[in-house]
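Okay, so here's the structure we're looking at.
Along the sequence shown, residues carry numbers from 1.
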Amino acid sequence: MSTDFQTIVFTVKDNVARITLNRPQSLNSFTSQMHAELGAALDSVEEGGVRCLLLGGAGRGFCSGQDLSELQVDGDGATDLGALLDRNYNVLIRRISTLPMPVVCAVNGIAAGAGANLALACDIVYAARSASFIQPFCRLGLVPDAGGTWVLPRLVGRARALALTLLGEKVSAEQAEQWGMIWKCVDDDQLAPATEKLAQHLATQPTRGLGYIKQALLSAGANTLDAQLDVERDIQKLAALSEDYREGVNAFLEKRAPEFRGR
């Protein structure tokens, strides 16, 4: 299945949905239209039949953040950035973070600002060796958004998060892997095949169980150990009711490869 959009490319094949940000002339910077089209694509993803989402960018960059030419900065008509975040970015990050399936991100070039934080909101992030991540908000007198202030300290620690956001320096893909910002840095020509192979693998796995893993880990940061043990108990009870759980146990006992159906 494919759908015609102007700012993204969206296809679904073999239970894998693929969203490619497609404004290469502006390094795939965000516009209101792109947010609307991303929302429509995610609606389709959530309607069923998709067991993994693969997110990438067209051209020489992943995403350079907000298209500043779309904003009004002077006078009484200045853009309310708080309202913009509520309307666009916060909705997008919440949806990506809570999709009940794995989200793989392929970062093929610069990932800046909200573009970097969109990538970091995904579950498994691969980056091409030539890619880089940057938090340039400090250069505009702004605060990292799209979840940046939440995810960075959790990934790299407070000291690195502060330096990255106060100085706005680039982090190479190799450094990002060493710091635990992303899962893997690969050679440029291996990014597409590696992420495609991973997405196809994840689309054959117990999708509901993988979604429960995401749910449990997302709640852990705000919980005590005692509270998280209760979360694990409650989610595990639900996971054990799935068809995939029964298939996994039966396949193990019968010494065969499981055939998960995502249910």
Exercise for the section: Any chance you could lay out the side chain to side chain donor-acceptor pair (under 3.5 Å) test for Glu37 and Thr7, step after step, and finish with the verdict? Expected result: CA-CA 7 Å; Glu37 293 183 357; Thr7 66; 2.7 Å; yes

Handout entry: Qualifying residue for side-chain contact (heavy atoms from CB on, under 4.5 Å) with Ile182, from Ile124, Val125, Leu155
Key = Val125

Handout entry: Thr20 and Leu55: CA distance, side-chain angles, deciding distance, side chain to side chain contact (heavy atoms under 4.5 Å, CB included) verdict
Key = CA-CA 6 Å; Thr20 303; Leu55 179 65; over 6 Å; no

A side-chain contact here means heavy atoms from C-beta on lying under 4.5 Å apart; do [X] and [Y] qualify?
X: Asn15; Y: Gln200; value: no
X: Leu218; Y: Lys214; value: no
X: Val16; Y: Val50; value: no
X: Ser32; Y: Asn88; value: yes
X: Asp123; Y: Val104; value: no
X: Phe62; Y: Cys105; value: yes
X: Leu81; Y: Leu142; value: yes
X: Trp183; Y: Glu177; value: no

Main-chain N/O of [Y] paired with [X] side-chain donor or acceptor, under 3.5 Å:
X: Thr204; Y: His201; answer: yes
X: Arg18; Y: Glu196; answer: no
X: Asn28; Y: Gly61; answer: yes
X: Asn108; Y: Gly59; answer: yes
X: Asp244; Y: Arg208; answer: no
X: Gln72; Y: Thr79; answer: no

Going hydrophobic residue to hydrophobic residue with side-chain gaps under 4.5 angstrom, can you get from [X] over to [Y]?
X: Val107; Y: Ile96; answer: yes
X: Leu217; Y: Tyr212; answer: no
X: Leu42; Y: Leu118; answer: yes
X: Val12; Y: Leu21; answer: yes

Practice task
Count the heavy atoms belonging to other residues, nucleotides or ligands that lie under 6.0 Å from CZ of Arg87, then report whether that count exceeds 12.
Solution key: yes

Problem - Glu259 atom CD, neighbour heavy-atom count above 12 within 6.0 Å - result: no

Point-to-point distance, once rounded to the nearest 0.5 Å, from [atom1] of [X] to [atom2] of [Y]:
X: Phe5; Y: Met34; atom1: CZ; atom2: CE; answer: 12.0 Å
X: Leu99; Y: Leu210; atom1: CG; atom2: CG; answer: 13.0 Å
X: Leu53; Y: Glu46; atom1: CG; atom2: CD; answer: 10.0 Å
X: Leu92; Y: Leu85; atom1: CG; atom2: CG; answer: 11.5 Å

Problem - Contacts of Glu243 that satisfy salt bridge (charged side-chain N to carboxylate O under 4.0 Å, His left out) - sequence neighbours left out - result: Arg261, Arg263

So, for [X] and [Y], which heavy atoms are closest and what is the spacing to 0.1 Å?
X: Asp86; Y: Val91; result: O-CG2, 3.3 Å
X: Glu174; Y: Cys185; result: CG-SG, 3.7 Å
X: Leu241; Y: Arg246; result: O-NH1, 3.3 Å
X: Leu120; Y: Val151; result: O-CG2, 3.9 Å
X: Ala173; Y: Ala128; result: CB-O, 3.2 Å
X: Ala194; Y: Tyr126; result: CB-CE2, 3.9 Å

side-chain contact (heavy atoms from CB on, under 4.5 Å) against [X], all qualifying residues, sequence neighbours excluded:
X: Ala251; result: Glu247, Arg256, Pro258
X: Gln236; result: Ala239
X: Asp67; result: Arg23, Ser29, Thr31, Ser69
X: Ala192; result: none

Practice task
Mind jotting down which residue pairs meet the side chain to side chain donor-acceptor pair (under 3.5 Å) criterion with at least one end in residues 220-229? Sequence neighbours excluded, please.
Solution key: Ser219-Gln228, Asn223-Gln228

Strictly by ring pair (Phe, Tyr, Trp, His ring centres under 6.0 Å), give each pair with a member in [range] just once, sequence neighbours left out.
range: residues 130-165; result: none
range: residues 234-263; result: none
range: residues 11-56; result: Phe30-His35, Phe30-Tyr89, His35-Tyr89

Problem - Full working for side chain to side chain contact (heavy atoms under 4.5 Å, CB included) between Val103 and Leu54 - result: CA-CA 6 Å; Val103 181; Leu54 176 56; over 6 Å; no

Practice task
Kindly write out the residues that satisfy side chain to side chain donor-acceptor pair (under 3.5 Å) with Asn117, not counting sequence neighbours, or none if the list is empty.
Solution key: Gln135

Taking only Lys NZ, Arg NE, NH1 and NH2, and the carboxylate oxygens of Asp or Glu, determine whether [X] and [Y] approach each other closer than 4.0 Å.
X: Asp230; Y: Arg233; value: yes
X: Asp43; Y: Arg95; value: yes
X: Asp187; Y: Arg129; value: yes

Handout entry: Ile213 vs Ile235, side chain to side chain contact (heavy atoms under 4.5 Å, CB included): CA-CA, chis, key distance, verdict
Key = CA-CA 9 Å; Ile213 290 172; Ile235 294 179; over 6 Å; no

Mind listing the side-chain donor-acceptor pairs of residues 164-172 below 3.5 Å, one per line with the distance, residues two or more places apart or on another chain?
{"residue": "Thr165", "atom": "OG1", "partner": "Ala161", "partner atom": "O", "Å": "2.7"}
{"residue": "Thr165", "atom": "OG1", "partner": "Leu162", "partner atom": "O", "Å": "3.2"}
{"residue": "Ser172", "atom": "OG", "partner": "Gln175", "partner atom": "N", "Å": "3.1"}

Practice task
Run through the side-chain heavy atoms of Ile, Leu, Val, Met, Phe, Trp and Tyr, join any pair under 4.5 Å, and report what else lands in Ile110's cluster.
Solution key: Leu27, Ile134

Handout entry: Derivation and outcome, side chain to side chain contact (heavy atoms under 4.5 Å, CB included), residues Asp80 and Leu84
Key = CA-CA 6 Å; Asp80 182 340; Leu84 179 70; over 6 Å; no

